[in-house]
J.: 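Provided herewith is a single structure, encoded as structure tokens, for subsequent inquiry.
Proteins get letters first, then strands, A, B, ... in listed order; numbering begins at 1 in each. The model shown is predicted, which means the values in this text are computed figures rather than measured ones.
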Protein chains: 2
Amino acid sequence: MGNASSNYLETFSDIAPPWSSSALKAKVASPNRDTFHTIGLDMSVSGKIASIKDVALAAGVSVATVSRVLSNGPVSDALRKRVEDAVRATGYRPNLSARRLRSQHSQTIGLVVSDIRNPFFTAVSRAVEDAAYRAGMRVILCNSDENPEREELYLRLMQEERITGLIFAPTRAMLDRLDGLDLDFPVVLIDRNAPTGRHDAVVLDNPRAAALLVEHLHAQGYRRIAGLFGNTSTTGQERHEGYQAAMTVRGLTPAARFLAPHADAAEAAVVEWMGQRDRPEAFIVSNSLFLMGVVKAARRLKLTIPDGIAVAGFDNEPWTELVGPGLTVIEQPVQDIGQSAMALLFERLEAPDRPSRRLVLGGTCVVRGSTAARMADAD
Amino acid sequence: MGNASSNYLETFSDIAPPWSSSALKAKVASPNRDTFHTIGLDMSVSGKIASIKDVALAAGVSVATVSRVLSNGPVSDALRKRVEDAVRATGYRPNLSARRLRSQHSQTIGLVVSDIRNPFFTAVSRAVEDAAYRAGMRVILCNSDENPEREELYLRLMQEERITGLIFAPTRAMLDRLDGLDLDFPVVLIDRNAPTGRHDAVVLDNPRAAALLVEHLHAQGYRRIAGLFGNTSTTGQERHEGYQAAMTVRGLTPAARFLAPHADAAEAAVVEWMGQRDRPEAFIVSNSLFLMGVVKAARRLKLTIPDGIAVAGFDNEPWTELVGPGLTVIEQPVQDIGQSAMALLFERLEAPDRPSRRLVLGGTCVVRGSTAARMADAD
DNA sequence: AGTCCAACTGTAATCGTTTTCACTATCTCC
DNA sequence: GGAGATAGTGAAAACGATTACAGTTGGACT
């Protein structure tokens, strides 16, 4: 393959050309061309899907007429019937690649998130996909794993797919570069967003949400409230800011750490932290992975929740209700976030010149036992 | 729009043709054609992405030469350099629709699951996507919501996309119909599978896994072991069979119910069941939603786990470790399932005629506190 | 010097659609 | 009964790539 040179030349789907000895990803590349055995029942036994030309032939009309029938164009009833019959008889299905090429509309939107296994993104992606399919569009989903290089790779893929728009939860690193990039489609940021605001965005009111948690814990009698925040996204930052401000305003001393978004990291941090003097009474954590970490740490330290260690966090996943006395969390309007992102995208497509907008949605504080009123005193 | 007639004529991406007054899904349909404003920096300021023709023009060569450069064909170093420069200068990105049309390889695989929010499918889909992208393929994901009509709809979509293969977790209803269908791509079933075995499949050894749970509970001293199984998939059936057999063999009386796959259904069933005399000592449930339902029911009935009610289920999700004394579950090799499905698919593409294969993977029983040894006696 | 071959390169056909344009009926209206 | 609209139809040109085929070199060999 010689000179890979610049990645400007890389493409995604390598199809084995005649000169390449078809090694490479040969396993997949070009199996055999004539497709798979079909079982009778249908006229389309030849192995290849019928094209519009076949339909035209079968109906005795021109391809133009078939096309018009398919898109409800002006066609006489007689011919329309004949074409419809021919469509059925041949088992015709339009070829979307051809249609997209010709029409210059991919009817596809991109969705790039860090990891679909993060339940927040799972829920958002489901909402996005539903909205997309409802509008007759398809979704291409990519997992960046919080890795800027993969993000860039996938942005190129999106260009090659000629997507009509992108919904994107970028890393901080990508966020900085994003404004400089020259993409051929509009971008709607979700979950994270740039201060510059060149792009549309829909985000949670993170500072307010974090403040809600502080407020709640404070009201319940907690004073030494520590914070754990993710270090890859702006979300972590914003939640930290809200936490910091809310603490300060109440005369409390903020004590925050920034961690990689893994349960293990949180667990280790908590275990270590609770070993120090002036150990926190409560933790506020910026995502559900950290929530797990705290619960695990509590178990390891044999601390009960909330007496030994209170905790509140983000994302109202089904299980948060079930662990211990229930975990107090900020519920994000995931459905709404996904739908709004699609809505913003569609509006942007309609009016490309409109100034960018930032949709800030409020979270709800779901109070559970993990932040029950602090008992008399422990230390 | 007139006669919708048969759905043979429906297509997915409706692009507003000149005669339609572009009402319809107009919001999305065809915004304005000349695309979005680009900010200098790049030569590609015209708004349209450069095509191979533009590159050829810029480099002063034929399109064939450009194409060859892009696919590492035989080109002199001098021309290659010129073309590469031109690619960079024009900001060229290949058009995948065109490439797919011409090459007749969509390099796309379909993935149809019931709901991506089911963590089992989340994990599997992630594994599938990773494997696919690694092989230079894309994935189209669809959520059927256990609805056969949507499944059928999506199968048609897959045909229109000319996917090279499908990974599919069908409902029981679809499973019956599947063999009769005449699809133009190979199908690999996951999680659920037909007894007929016309298609490749990769599934858990469900009977064995369920038996493992019975065996374990029995060894722990439980005797009245009830079962809750999903009623939409073959998975539920198979797990029931395993349960039934393992109970019988031990001289225990099976008592099973089939429910719609929702936590609420399970909760209600358990609450009601525990109100009867001869109430179960333990529950075996066939998915993680039911697991939640049982835990909720226990809480509502103020029964502790496992003394008041023992429980074991399927899917080792992170949270199962955290609730109560930890939940005993069968861990499915989700990663492996996804990867194996892709592997089977690739092998099938290589050898379309090979007889179909069924890959049965074993689950691991992760023992936790929810099935601790039964205390002296309660009743 | 003439032949042959290897190594490049360009021309043009093709993939399956949509859409413009020209054309033919058919109908309406004086 | 002819002019002029109207509706329906087909031929052919795109869309952006890949690739078979036919040249065109230049060098090696006889």
J.: Between A:D182 and A:Q159, what is the shortest heavy-atom contact and its length?
T.: O-NE2, 4.3 Å
J.: Quick check: closest heavy atoms across B:S62 and B:A56, and the distance to 0.1 Å?
T.: C-CB, 3.8 Å
J.: Look at the side-chain N and O atoms of A:R100 and state whether any lies under 4.0 Å from the OP1 or OP2 oxygen of D:dC15.
T.: no
J.: What is the distance, rounded to the nearest whole Å, between atom CG of B:L101 and atom P of D:dT19?
T.: 12 Å
J.: Restricting to side-chain contact (heavy atoms from CB on, under 4.5 Å), what partner residues turn up for B:A201, sequence neighbours left out?
T.: B:L189, B:N193, B:R358
J.: Using a cut-off of strictly less than 4.0 Å, decide whether A:S76 has a side-chain nitrogen or oxygen near OP1 or OP2 of D:dT9.
T.: yes
J.: For a quick test of reading the model: is some side-chain N or O of B:Y92 closer than 4.0 Å to OP1 or OP2 of D:dA17?
T.: yes
J.: Please confirm whether the shortest side-chain N or O distance from A:Q104 to OP1 or OP2 of C:dT18 is below 4.0 Å.
T.: no
J.: Sequence neighbours left out, what passes salt bridge (Lys or Arg N to Asp or Glu O under 4.0 Å) with A:D130? Give chain and number order.
T.: A:R126
J.: If you apply the rule side chain to side chain contact (heavy atoms under 4.5 Å, CB included), what do you find for A:I109 with A:T164, and how did you get there?
T.: CA-CA 6 Å; A:I109 76 139; A:T164 56; 3.8 Å; yes
J.: Toward the 5' end of DNA chain C, which comes first, B:R162 or B:V61, by nearest nucleotide?
T.: B:V61
J.: Using the side chain to side chain donor-acceptor pair (under 3.5 Å) criterion, which residues pair with B:K81? Sequence neighbours excluded.
T.: B:D85
J.: Would you kindly give the NZ-to-P distance between B:K53 and D:dA13, to the nearest whole Å?
T.: 14 Å
J.: I'd like to know if B:R138 and B:E129 make a salt bridge, using a cut-off of under 4.0 Å between side-chain N and carboxylate O.
T.: no
J.: Round to the nearest Å and state the distance from B:L96 atom CG to C:dC15 atom C1'.
T.: 15 Å
J.: Return no unless some side-chain N or O of B:S97 is found under 4.0 Å from OP1 or OP2 of D:dG16.
T.: no
J.: Would B:D200 and B:R357 pass as an ion pair if we require N to O under 4.0 Å?
T.: no
J.: Could you tell me which residues satisfy side-chain contact (heavy atoms from CB on, under 4.5 Å) with B:A127, sequence neighbours excluded, listed by chain and number?
T.: B:Q335
J.: A:L70 CG to C:dG16 C1': how many Å, rounded?
T.: 12 Å
J.: Roughly how bent is the helix from C:dA1-D:dT30 to C:dC30-D:dG1 end to end, in steps of 10 degrees, with each end axis from five pairs?
T.: 50°
J.: Measure from CG on B:N95 to P on D:dA17 and round the result to the nearest Å.
T.: 5 Å
J.: Choose from D:dG16, C:dT17, C:dT9 the nucleotide whose nearest atom is closest to any side-chain atom of A:A98.
T.: C:dT17
J.: Grab the N/O contacts between the protein and nucleotides 11-14 of chain C below 3.5 Å, and write none if there aren't any.
T.:
unit_1: C:dT14; atom_1: O2; unit_2: B:R102; atom_2: NH1; d: 2.5

J.: Check B:R100 with B:E161, please: is the shortest side-chain N to carboxylate O separation under 4.0 Å?
T.: no
J.: Without decimals, in angstroms, what is the distance between B:I49 CD1 and D:dC15 C1'?
T.: 14 Å
J.: Taking only N and O in the side chain of A:S67, is any of them less than 4.0 Å away from OP1 or OP2 of C:dT18?
T.: yes
J.: Return the value, rounded to whole Å, for the distance between atom NE2 of A:H105 and atom C1' of C:dT17.
T.: 14 Å
J.: Rounded to the nearest Å, what distance is computed from the CG atom of residue B:D77 to the P atom of nucleotide C:dC8?
T.: 8 Å
